[in-house]
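In what follows, a single structure is set out as structure tokens and then discussed.
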Amino acid sequence: MSGEINTAARPARSGSGGQGLLADLKQVLPSILILLALLIFNAFFTPYFLSVQTLNVNLTQVATIIIVAMGMTLVIATGGVDLSVGSLMAISGVLAPLIFLNPAFASLQGLGIALAFVVPVLVAGAFGVLNGLFVTRLKLQPIVATLVLYIAGRGIAQVITNGQLQSFTTPAFTYIGLGRPFGVPFQVILMLIIVALTYWVVKRTVFGRYVLAVGGNETAAGLSGVPVSRVKLAVYAISGLLAGIAGLIVIAINSSSDANQVGQGMELDAIAAVAVGGTLLSGGRAQVLGTLFGALIIQLIRFTLLAKGVPDAAALVVKAAIIVIAVALQQRRRRE
Amino acid sequence: MTAPTSAPPAPSGPLLLDMQHIQKAFAGVTALDNASLGVAAGEVHALIGQNGAGKSTMIKVLTGAYRRDGGSITFAGQPVDFASPLAAQRGGIATIYQEVNLVPLRTVAENIFLGREPRKWGLIQWPAMNAEAARLLTELGIQLDVKEPLGSFSTAIQQMVALARAVSINARLVIMDEPTSSLNEREVETLFGVIRGLKARGVSVIFVSHRLDELYAVCDRITVMRDGRTVYAGDMQGISRLQLVEQMLGREIKNAGAQTGFVKHKGSAGAKPLLGVGGVVRGTRLQGASVEVGEGEVVGLAGLLGSGRSELARVIFGADQPDAGELRFGGQPVQFRSPSDAIKAGLGFCSEDRKAEGIVPELSVRENLTLALLPRLSRAGVVDNRQQAEIVERFVASLGIKTSNPDQPIRELSGGNQQKVLLARWLAMNPKLLILDEPTRGIDVGAKAEIQRLIGELAQEGLGVLMISSELEELIEGCQHVTVLHDGKTVANLAGDEISEAQLLHAMAQGLEPEDMPRPPTPPQVRA
Ligand SMILES: Nc1ncnc2c1ncn2[C@@H]1O[C@H](COP(=O)(O)OP(=O)(O)OP(=O)(O)O)[C@@H](O)[C@H]1O
Ligand SMILES: [Mg+2]
């Protein structure tokens, strides 16, 4: 009988959930290694890869995925999933120009811009709360609950604009997509702040522990006084808010807003980033840094394939294959 | 110590199972170190040791749930290396694991026949399967609707279902890892009947338990483990209870008087009332249950399987809402709408089902221990790491929790050590009233006495305790009052000298015919 069939003898991680940053990085080692491998490969085989410009291009493109994936990490850590993020991006993306292009704010441009940042994000957050209510009050399965807005959300965005493309040149607004303080794209800075904040919330706050407890064993959490429903409501709200921010960045980059395009396919990229990053889709763990690396991996694969001139269809297959490998590697590490 | 620590006497028959020089480490921490276990054909073999000694690991190595790092296993004359528990089952080993690992959402019948459903042309024969499941359970003295999901029944029933599954597999070796931890005397007797039946058929049994009396009742031979090693193997009758405990702990012990660690204080007659529960009705399971707990009192809640003890505890704690009945806490009428309401008022509830309702498996010992305490350990929502570490350190030391470090995920701890963490979760809250559902379930004799002593001491300082226990000694030696439930109704309140084994058994069995176990096959009825 072969003894190699099960992986029982594999040493289990020790000290998971350790306090240190180093311990956390160790936990997501496979994704770090894959990322390094991709970087090294490109450094040798992709001309001009090691340039500030390439770096900026990649980071600008990946920033929105990472921002959305942070919310997704929290949702998935509670054992849920949020399919509506792409559609919520579209809603936020069409609302903003409606506000700052509105003639009502012609004389008060500053106010119009300010509202264009705040209102769409809050609206997306409110839809997030709705997702949360579906899950906690109606007890819908998260995948079904958020499918509602995945479908209806984009419809709402199209209805708001009558399906029209809105173009604009409003530097005060597009700064969040095109601005370069100290030569660093603004959305990259924003992304890093959001990642740091999420990491801190998971590591240091009561809310962070509650998220993991709810995902790890909802019954036990409830019996220990964890406000299970409120925690779930909060993660969907956060996911909505972050999708709202990402929607604004995307339209700022394009200087136009198209209800059909904004956030298209974002839910899958975000979920893939979370999975590649080593967060269990069944809940109970949140690898914030893993998600960051996961998104970077996916972005780098896309970039590499593009740079190598691989046709789109083939590129998708390669992308899928690498995701499967990454997730399998993470799973192997977990089994004892 | 005179007991031999090597060269155990040869068993009577040829060995069915022979495990030698077994090694197993987890992430560098040694769990098994040169451990051995030999079981003869047709013998009932006790496997004992302190929490974390390596008993469950030994079993999992045998059944292929874990892969061993070294050593040899011979089963029925053949060297074996099972790749998975399923392979072991096909090879003739049926196992009841310590944490019941059946599927809660599937029906009782499906669980009994999982993976070997009776089929005809590829279709499951539902009526045949259900009838056979009901028959198997009736033989074990249990009547219930086998079409109900397993998860809707108590831990004790689930243990009996696991037992039904194990005996219905035609195995040559049946392993039971703490099968009796939530069973009361009556059910334990049934289990012993089953074990003797297996033995008569020439089937060997490995029996793990922390209740020493049980070992003498059914076991022929015994293996004692300590710190991952086999320290004693021999005939059951050749070792006294005291010697056995000394082997387990690895040191001599002096006091062997009381069975439990409780020091019962008299409980002043006029204890200030703390909790008053009257006429609670909920569904069919609670039909007028009442109980009173005063400050500083330890009150026992006794009853048979399905008498509604755990259900009553859940209602008091706000986890379930009653249909009728009244609740008073600290003199005020209250109705807790959720556990967190109850916790805020000063209640704590340690559930009997540690896997489903206790541990958060992926989280560390530290996070599990402080889960209920977190709001008090934080300022503006940020956890005070230092204070948290202090508390965890204190309880790990005072309860003797065996863990490689507080960051270790709780799922890696042995069953008894998980239980200690859950107790600590509530003790750390410093509650006014603690509801304990089988508090010492799966905890070894040494630690058990410690915990019982601790509960007694806290009660003396004013803590009210409502304790559900299927162990009579625990009720007799630890409680000032015992409330007995039967079919969801309070049928007796015993105090002082009335709390005796005879009185308790009599009250618990009210309304039952003496000869109704095992009962004749009658239409199934839910009694869980
Ligand atoms: N998956 C695992 N990862 C790491 N350590 C483990 C794992 N499983 C068991 N251990 C460790 O191995 C040791 C033996 O555990 P085991 O579960 O075999 O104890 P046990 O004798 O069954 O105790 P109990 O009476 O509490 O059930 C313990 O120290 C435990 O922490
Ligand atoms: Mg065990």
Side-chain angles (χ1 to χ4, degrees), chain A residues 1-20 23-24 27 77 79 200-231 234 279-280 282-287 333-336, chain B residues 24-29 60-61 64-69 80-84 87 314 317 319 338-344 349 351 353-364 366-368 370-375 377-378 380-383 385 404-405 407-409 411-412 422 425-426:
Chain A
M1 219 168 290
S2 146
E4 287 304 318
I5 293 178
N6 61 8
T7 51
R10 182 173 299 278
R13 283 160 304 102
S14 67
S16 85
Q19 297 288 79
D24 287 327
Q27 278 186 54
W200 178 80
V201 164
V202 170
K203 295 301 292 185
R204 297 285 289 114
T205 67
V206 174
F207 175 70
R209 318 284 159 105
Y210 281 178
V211 166
L212 300 180
V214 167
N217 186 345
E218 193 173 321
T219 319
L223 285 175
S224 298
V226 175
V228 175
S229 293
R230 260 190 289 151
V231 170
T279 294
L280 296 175
S282 49
R285 301 181 92 199
Q287 302 286 9
R333 272 174 68 78
R334 272 208 73 251
R335 226 169 289 151
E336 65 252 323
Chain B
K24 175 72 189 167
F26 295 102
V29 179
K60 288 182 185 163
V61 160
Y66 293 154
R67 231 188 109 222
R68 62 182 183 270
D69 301 340
V80 292
D81 191 357
F82 296 115
S84 69
R314 289 178 60 88
F317 195 59
S338 70
S340 68
D341 280 359
I343 291 169
K344 277 186 205 116
F349 172 46
S351 158
D353 190 342
R354 71 174 161 253
K355 188 176 172 194
E357 302 185 338
I359 65 166
V360 183
E362 293 291 327
L363 287 185
S364 63
R366 170 163 29 86
E367 301 304 343
N368 269 286
T370 53
L371 188 58
L373 194 66
L374 274 183
L377 275 181
S378 58
V382 181
V383 180
N385 280 343
S404 56
N405 68 60
D407 284 336
Q408 191 177 18
R411 67 185 156 79
E412 294 179 358
L422 296 182
R425 179 187 286 172
W426 294 110

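Quick note on labels: first sequence line is chain A, next is B, and so on, each numbered from 1.
Contact between B:V383 and A:T205 at its shortest, heavy atoms only, is CG2-C, 3.8 Å. Smallest separation of non-hydrogen atoms from B:L371 and A:Y210: O-CE2, 4.3 Å. Between A:G222 and B:P339, the shortest heavy-atom contact is O-CB, 3.4 Å. A:G225 and B:S340 get closest at one heavy-atom pair: O-CB, 3.5 Å. Closest heavy-atom contact between A:A220 and B:G358: CB-O, 3.2 Å.
The candidate with the highest count of non-hydrogen atom pairs below 4.5 Å against chain B, out of A:G284, A:A213, A:G215, A:G208, is A:A213. Most heavy-atom pairs under 4.5 Å with chain B: of the set A:V226, A:T219, A:V206, this distinction falls to A:V206.
Qualifying side chain to side chain contact (heavy atoms under 4.5 Å, CB included) partners for B:A372, counting only residues two or more places apart in sequence or in other chains: A:S224, B:R425, B:W426, B:M429.
Atom CD of residue B:E357 and atom CG of residue A:N217 lie 8.5 Å apart, to the nearest 0.5 angstrom.
Proximity to chain A (any heavy atom under 4.5 Å) is shown, for B:L374, by both the backbone and the side chain. Of the atoms belonging to B:L377, not a single heavy atom falls under 4.5 Å from chain A.
Residue B:E367 forms a salt bridge (charged side-chain N to carboxylate O under 4.0 Å, His left out) with just one option from A:R209, A:R285, A:K203, and that option is A:R209.
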